[in-house]
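Remarks on the structure that follows.
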Amino acid sequence: MTIRVYNTLSGEKEEFVPVQPGKVGIYLCGPTVYKPSHIGHAVGPVIFDAIKRYLTFRGYQVTWVVNITDVEDKLIAEAAAQNLPVFTLAERITENYNDAMRRLGVTGIDHMPKASEYIPDIIAYVQRLIDKGAAYPSGGDVYFDVTADRDYGKLSNRSPDEQFGQRELQSGQKRHPGDFALWKESKPDEPNEVKFASPWGQGRPGWHIECSVMSMKLLGETFDIHGGGMDLIFPHHENEIAQSETATDRPFAKYWLHNGLTRFNTKKIAKSDPEMAKFMEKMVLTRLLDEYGGELLRYLILSTHYRSPIDFSDAEMAAKSKALSTFHRLFERIERVTGRSPYADLLTLEQAPVAGLDAFVAEVGGFRERFVQVMDDDFNTAAAIAVLFELAARVNRFIDENKVESAPQDTTRMATLGAGRVLVELGRLLGLFLEPPVRRSGGSEKLDAVMRVLIDIRQHCRKNKDFATADLIRDKLVEEGITLVDRPGGTEWQMSQ
RNA sequence: GGCGGCGUAGCCAAGUGGACUAAGGCGCGGGUUUGCAAAACCCGUAUUCAUCGGUUCGAAUCCGAUCGCCGCCUCCA
């Protein structure tokens, strides 16, 4: 079985063959840290975190890099507006981003290089392009000459002459309208901290160059997967390819994976869009994490194929929340009937003492195979999640059919736990089910005690067939946001959502 | 204008030439269970994949045209 991925470069699904057998290098374009991250910034990291988890499961040794662009026009402008040193603002926003990543369960990032820490490498790289005749200093800037790259435009299907031929030369500094800055001369009003000495005078890197330099440094001149949002295909990724392949005379990234953009009211979420600006506050990632939690946002992102856009709305989140809780309820149920948590227990279904249940064990194995099959096909997390739902329903049915709740036998109990464990393990390949959801119980001992009293009284009523009073207690508690659930073993309560 | 993507049930969303008489979720209807609920389970919910035409033994899947939506071509995950 081989893994297939859709490659933007070829426009087709291709068999995934890493540059070095057994190893995979992934570079994902991270944020420019000038404003708090919004929901769209979560998409790439979540998807690639799942991809890394999955590739690791498939036996690859994966190195994943996400860059932080911390020297850039907008950041400088924003720092000035806030009257802050550039790197103070950059650090704050980076911390905001990292905090969001943690809460989303994005734990697989191996390196987060910052542009500001690679200035000498960037300068050397620019010099290398000048030496090759593919770049030229002009004023205090240095530009890449797009005509030096024969196949410029191969990623986004545009040729310099067709695309830029008509356009006015905006800057008299450029020879060709499509040329782009590798190095930008410092402007007088910019703070000293972003003025770097170079052979071309004081300046700072252009936008695309840092990704070429840092990816090469950390992953090699040719690496496996380069990712980012679809809006980066042109010009950013196109220019990365141009400068990298011109510098090294070798292929840059082998596979280009681009995720769909997150939308709100069918429009792309973008910080610079004035129309979207009024919703921006709502789209701030940390705020959404407070409201919905990391697992649910992650679930939202993975419940769609990564190349499709996601329309964000509260109504959709409510539906997703209901769906996701199916799993949580099953895990609780498993813990209730087996006394062991599928989150923590390491018992595998194969190891479980489940004599006589071979058919069930085989069926669960079938779900696992289907999961792998759909993930192998361009990381189809949406289809993989569908398999998880089917498995969950199967486990619930197993519990029902075998009366595991009321008349448990050792074998059926162990099979329930083992199957639940399979579900947890598959979910974790997507980064779901990492830990139990926070139980919404009151937490205070006093409340626990009062609830026990109420439940006892209600139990008494029920025994005496005084259902009117029993229901009254239950209804009144609902008004207070507390739900009672009667089970064979007794009544449980929890704070409702 | 150029490049790219999309249009599948009330909604979200897989599937991109034959096992599709189209996954999965939300919602809705019916049933089992329950004192009643909740949860769980079972059944039903698109003869049809924007529209029209073509290729093929066979198309949601390929080709062409039309309509609609979105993204990129300036910064953007």
Side-chain angles (χ1 to χ4, degrees), chain A residues 8 11 13 28-32 34-35 37-48 66 69 72-74 77 97 153 155-159 162-164 166-167 170 178 207 227-236 238 258-263 266-273 276 299-300 303-305 307-311 313 315-316 318-326 329-330 332-333 370 374 377 380-390 392-401 405 461-463 465-468 470-471 474-475 478 483-488 492 496:
Chain A
T8 305
K13 273 187 204 169
L28 175 70
C29 283
T32 298
Y34 75 105
K35 276 185 179 173
S37 303
H38 62 252
I39 174 77
H41 290 109
V43 176
V46 164
I47 288 159
F48 279 92
V66 178
T69 297
E72 194 267 346
D73 295 17
K74 286 192 170 178
Y97 180 80
L155 184 70
S156 60
N157 288 314
R158 50 196 97 194
S159 72
E162 280 171 25
Q163 283 304 307
F164 306 112
Q166 321 295 44
R167 201 202 287 172
Q170 293 166 335
W207 175 34
M230 285 194 176
D231 51 351
L232 295 183
I233 294 173
F234 188 89
H236 187 231
E238 193 68 75
H258 289 102
N259 60 269
L261 304 176
T262 310
R263 305 187 305 191
T266 79
K267 293 272 190 245
K268 171 187 170 184
I269 294 171
K271 285 181 277 208
S272 49
D273 181 346
M276 197 50 67
Y299 174 79
L300 170 80
S303 64
T304 301
H305 182 90
R307 250 178 299 114
S308 303
I310 301 169
D311 254 302
S313 73
E316 191 55 27
K320 298 290 186 202
S321 174
K322 181 82 196 304
L324 181 61
S325 66
T326 297
R329 281 192 298 269
L330 172 59
E332 275 178 24
R333 189 182 191 195
R370 279 177 53 206
V374 296
D377 186 5
N380 193 338
T381 55
I385 285 172
V387 174
L388 298 185
F389 274 107
E390 290 182 55
R394 183 66 189 89
V395 177
N396 267 315
R397 186 150 58 86
F398 181 84
I399 296 171
D400 287 350
E401 283 173 347
E405 227 143 354
C461 296
R462 291 175 73 205
K463 249 185 201 141
K465 307 253 187 246
D466 179 7
F467 295 119
D471 291 348
R474 186 170 60 193
D475 293 346
V478 166
T483 308
L484 292 188
V485 182
D486 297 323
R487 300 188 197 284
E492 289 179 11
S496 23

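A, B, ... follow the sequence lines: proteins, then strands. Residue 1 opens every chain. Here the structure is a predicted model, which means the values were calculated and not measured.
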Results of side chain to side chain donor-acceptor pair (under 3.5 Å) for [X] - residues two or more places apart only:
X	answer
A:Arg263	A:Asp311
A:Lys320	A:Ser303, A:Glu316
A:Lys267	none
A:Asp273	none

Please state the [atom1] separation for the pair [N] and [M] - nearest whole angstrom.
N	M	atom1	value
B:U34	B:A40	C1'	11 Å
B:C63	B:G17	C1'	13 Å
B:G35	B:C28	C1'	27 Å
B:C6	B:A14	C1'	15 Å

Counting the atoms with a prime plus P, OP1 and OP2 as sugar-phosphate, which does [X] contact under 4.0 Å by heavy atoms, base, sugar-phosphate, or nothing?
X	value
A:Asp486	base
A:Asp73	nothing
A:Thr262	base
A:Leu232	sugar-phosphate
A:Ser272	base
A:Arg462	base
A:Leu388	nothing
A:Gly153	nothing
A:His38	base
A:Lys465	nothing
A:Asn396	sugar-phosphate
A:Gly40	base

TODO: Examine the base of B:G2 for any acceptor or donor lying under 3.5 Å from a partner atom in the side chain of A:Asn157, and report the outcome as yes or no.
DONE: no

Task: Set of ring-ring contact (aromatic ring centres under 6.0 Å, His included) partners for A:His305, sequence neighbours left out - done: none

Nucleotide [N], atom [atom2] - distance to [atom1] of [X] in whole Å:
X	N	atom1	atom2	result
A:Lys267	B:G5	NZ	C1'	15 Å
A:Tyr34	B:C75	OH	C1'	7 Å
A:Ile310	B:A14	CD1	P	9 Å

Open item on the list: For a quick test of reading the model: is some side-chain N or O of A:Arg474 closer than 4.0 Å to OP1 or OP2 of B:A37?
Closed with: no

Open item on the list: Using a strict threshold of under 4.0 Å (side-chain N to carboxylate O), is an ion pair present between A:Arg397 and A:Asp400?
Closed with: no

Open item on the list: Tell me whether A:Arg158 is salt-bridged to A:Glu238, with the criterion being a basic N under 4.0 Å from an acidic carboxylate O.
Closed with: no

Task: Those residues that, when tested against A:Thr69, pass side chain to side chain contact (heavy atoms under 4.5 Å, CB included) (two or more places apart) - done: A:Thr32, A:Asn67, A:Glu72, A:Glu210

Open item on the list: On RNA chain B, compare the nucleotides closest to A:Gly229 and A:Pro309; which residue's is nearer the 5' end?
Closed with: A:Pro309

TODO: Summarise protein proximity over nucleotides 17-32 of chain B in one line of letters, 5' to 3': B for base, S for sugar-phosphate only, - for none, counting protein heavy atoms closer than 4.0 Å.
DONE: ------BSSSS-----

Task: Residues that A:Arg462 engages under salt bridge (charged side-chain N to carboxylate O under 4.0 Å, His left out), provided they are two or more places apart - done: A:Asp486

Open item on the list: Can you list every stem that RNA chain B is part of, counting only runs of 3 or more consecutive Watson-Crick or G-U wobble pairs with both distances under 3.5 Å?
Closed with: B:1-7 with B:67-73, B:10-12 with B:24-26, B:27-32 with B:40-45, B:50-54 with B:62-66

